[in-house]
Number of protein chains: 2
Amino acid sequence: MNDTSSVSSEKRHSVLEAAETLGYTPNPAALSLLNKRTGGVGVLLPYVSGEFFADLLNGLDEAAQDNEHFLVVSTSHRKPKEFRAAMQAMQKRVDGLVIMAPELDDDGAQTILKSEDHITFINTYLDHIPAEENSVEVLNFDNYAGAHALTQHLIELGHQHIAYITGAPGAGDTRERRRGYRTAMAGVGISDTSALEFDGDYTQAAGYAAAQEIISTTPRPSAIMAANDYCAMGVISALHEAGIAIPEEMAVTGFDGITSAQYTLPPLTTVQVPTHTIGYQAIDRLVHRLDEYGEGDVRHQVLPVELIVRESTVP
Amino acid sequence: MNDTSSVSSEKRHSVLEAAETLGYTPNPAALSLLNKRTGGVGVLLPYVSGEFFADLLNGLDEAAQDNEHFLVVSTSHRKPKEFRAAMQAMQKRVDGLVIMAPELDDDGAQTILKSEDHITFINTYLDHIPAEENSVEVLNFDNYAGAHALTQHLIELGHQHIAYITGAPGAGDTRERRRGYRTAMAGVGISDTSALEFDGDYTQAAGYAAAQEIISTTPRPSAIMAANDYCAMGVISALHEAGIAIPEEMAVTGFDGITSAQYTLPPLTTVQVPTHTIGYQAIDRLVHRLDEYGEGDVRHQVLPVELIVRESTVP
DNA sequence: CTGTTAGCGCCTTCAC
DNA sequence: GTGAAGGCGCTAACAG
C-alpha cells in the first residue's frame, strides 16, 4: 500500500522496511498495465554524431532523471518507413515522445500527429500543425537569427564575397540558416547568392571537399561560412593544406559552438546554440504536460542563440 | 493468435489483415507480464561526451535494431549510489544490461553481480568475477597494447623524454594505458617515469592545462602522449599558443581515433579503437545470450586496436 | 482499520 | 477446429 488506504503507520513502516531489506520493487509492467503510464519517454533522433548529440543527450538524460523518467532512445531514422516503425515500437512503451526530425516533411508530420501521443519536437520545422489533434510542442534553435548575425558580422568586417556551405540537404535547419545568410546578403545588395553557395552537410569531410572547390573559384571569396563547426574543421584543414592563411587570406565561421570549436587553429568564430538546454527543456516540458494539462496545446518556442567572435575573422 | 493454435488459415489471414488496418499492436506491458521478457536492453554509461560516445551509441543502436530490441539509456552515474539507483530502475524494465563503468571498483562490481541479470560490461576492468553468479561478459579495448605501441613508436623515432598525460583518475582504462606506457619506457631502461607523468583527463581543457605545465619543465620533453584525442587537441592548442612547432619541436599523440583527429593541425598520430564495434557486439552478444544459453557463462574478450601514424611525429 | 475481489491486455491450457 | 477460463503482478474499490 502506498499512501491511499488507511493503514496503521506502524504496520506500514514495517512493510516498507521489509521491502527495503528484500530489495522489492513493484513490477513496472504490472504498474503500467494498471496506470496506463510507463514512466518512460521516447527519444527519436535522425542519427547520432559528434559533440552536438552528446550534449543533447546529456540534457535529455538530466531532465529525465530529474523527473524520474527513463529514456528510450532510437536513432538512424532518416527514412520515413524506419521512422514510422520506430514510433510504432515506442508507442505503448512510453508516455511521450521527443522527436528531432529536421528532414521531416509536412506529409510525414501529419502521419505522426495522427497518433494520439504527447510529443515535443526539437529542431524540426513543421508548417501545418492542426491545433486540436493532440498535445504537441515545438522547440527550435533560432537558426535564422544565428546565420544572419554571423553574415552580418562578416559584412561589417568588410567582407562581401562570402561563400556559404549548406547543411544536410532537405533539413529544416539547413533551410533556416541559409535563409539567414541570404537575407543578410540581400541587405547589402547581393540578392543572387547562387554562385556563392556550395553543397555540403554537417561533417568535416563535406567541409574539406567544399573548401577545395571554393578556393579554386575566381574571384576567390574572402570568407567561408561553414554549415556547422565540424564542417568548418574540414574547411580549416583544406585551407591549411593549400597554404591559405586564416584569417588573413580567408575568414572561416562555424555553427553550433561545440567545445572543439575553441581548439581549432585559429579558434573558430561561431554561433552558440543551447544544445543541452533544448534537450533538458524538451523532456521537462513534456513530462509536465503529461501531468498537468490535457490534450490540445500546441506551441512553438524558439530558443535564442549567441554569436561568439573568436580570432578567425579579419579585423 | 500468432502461430500456435490451429486455426484455419483463412480466418487467420483476415484477422491479420484487420490488425494491419486498425494499426493494432499487442500491448508490450501485458506481453512482458506474460513472457517475462520486455524486449529491451538497458545501457548504463558513466557520462556522454564527444565523438567517442556518439560512435558507441551508434553501434549499440544498430545492434538493438538488428535484434529488434529497444534501448533504455541512462548516464551520469559516476557515483555508486546513483549507479545503483539506475540499475534498480532498469532491472525489471529490460532483459539485460550493457554497462560501461571504467571507474567501477571491485566492491561495486560485487554488488552489481548480486542482481541476477544478464550483463555485458564494456571498457570496464573487473578483477574478481564469480563465475557462477549469473550471465556475464566483459568486452574491453586493448588499451594496454595501444599505449604500448604508441610509446614504442615514439621510442623508435628516437624519443626518450616522453611526457604522459593520464586519463580520468580511478578509471581502469587509464590504468591500462599508463601501464602500456610504463612498460614500453621500462623496456628502454626508463623505469621511473614519475617526473614524466602529468595528471589529466579526457577533455581538451585538461590537455591544454597539462601541456602548459609540461613545456615549462626542464629539461623539456620532446614528445607528449595525451590521454586521448580530445586531450591531444588541448595540447596542440597550448603548443600553438606558445609558438612550439609540431612535430619539429614537440611530438604529440592521442588515443581513440575519433574523426576529428584527422583534422587537427597537423593530423594526429593516434590509436584507433573499435568504438562502434564494441557497442554493436555488446548488444548483439547479450541478446543472443538471452535466447540461447542459460546462466553462468563469464567471458572476457579483448578487442584489438590499431596504431595510426599521421604526420605529427618527427621522422 | 483490515481482508477480499475484480480486472488492466494478453496468451496458453484445457474442455468442447 | 473453436470457445472459455486461468493467471502474469499489482492496486482500486469494495465489503467486512
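In the text below, chain A, chain B and the rest are named by the order of the sequence lines, each starting its count at 1.
Atom-to-atom, CG of A:Asn35 to P of D:dC10 comes out at 12 Å; the value is rounded to the nearest Å. Summarising the geometry, the separation between CZ on B:Arg93 and P on D:dC10 is reported as 13 Å, rounded to the nearest angstrom.
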Begin with the C-alpha distance, continue with both residues' side-chain angles, and end with the deciding distance and a verdict on side chain to side chain donor-acceptor pair (under 3.5 Å) for B:Tyr125 and B:Asn143. CA-CA 11 Å; B:Tyr125 289 85; B:Asn143 286 300; 3.0 Å; yes
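One side chain, A:Thr25 or B:Gln88, offers a donor N or O that lies under 3.5 Å from an acceptor on the other. No donor-acceptor contact under 3.5 angstrom links the side chains of A:Glu62 and A:Asn58, judged on distance only.
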Kindly list each side-chain donor-acceptor pair under 3.5 angstrom involving residues 40-53 of chain A, sequence neighbours excluded, with atom names and distances?
from    : atom 1 : to       : atom 2 : distance (Å)
A:Glu51 : OE1    : A:Thr259 : N      : 3.2
A:Glu51 : OE1    : A:Ser260 : N      : 3.2
A:Glu51 : OE2    : A:Tyr230 : OH     : 3.4
A:Glu51 : OE2    : A:Ser260 : OG     : 2.4
A:Glu51 : OE2    : B:Tyr230 : OH     : 3.2

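Shown here are the side chain to side chain donor-acceptor pair (under 3.5 Å) partners of A:Arg285, two or more places apart in sequence or in another chain: A:Glu137, A:Gln281.
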Please write out the pairs of protein N or O atoms and N or O atoms of nucleotides 6-9 of chain C separated by less than 3.5 Å, giving the distance to one decimal.
none

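Comparing the C1' positions of C:dT5 and D:dG6 gives a spacing of 15 Å, expressed to the nearest Å.
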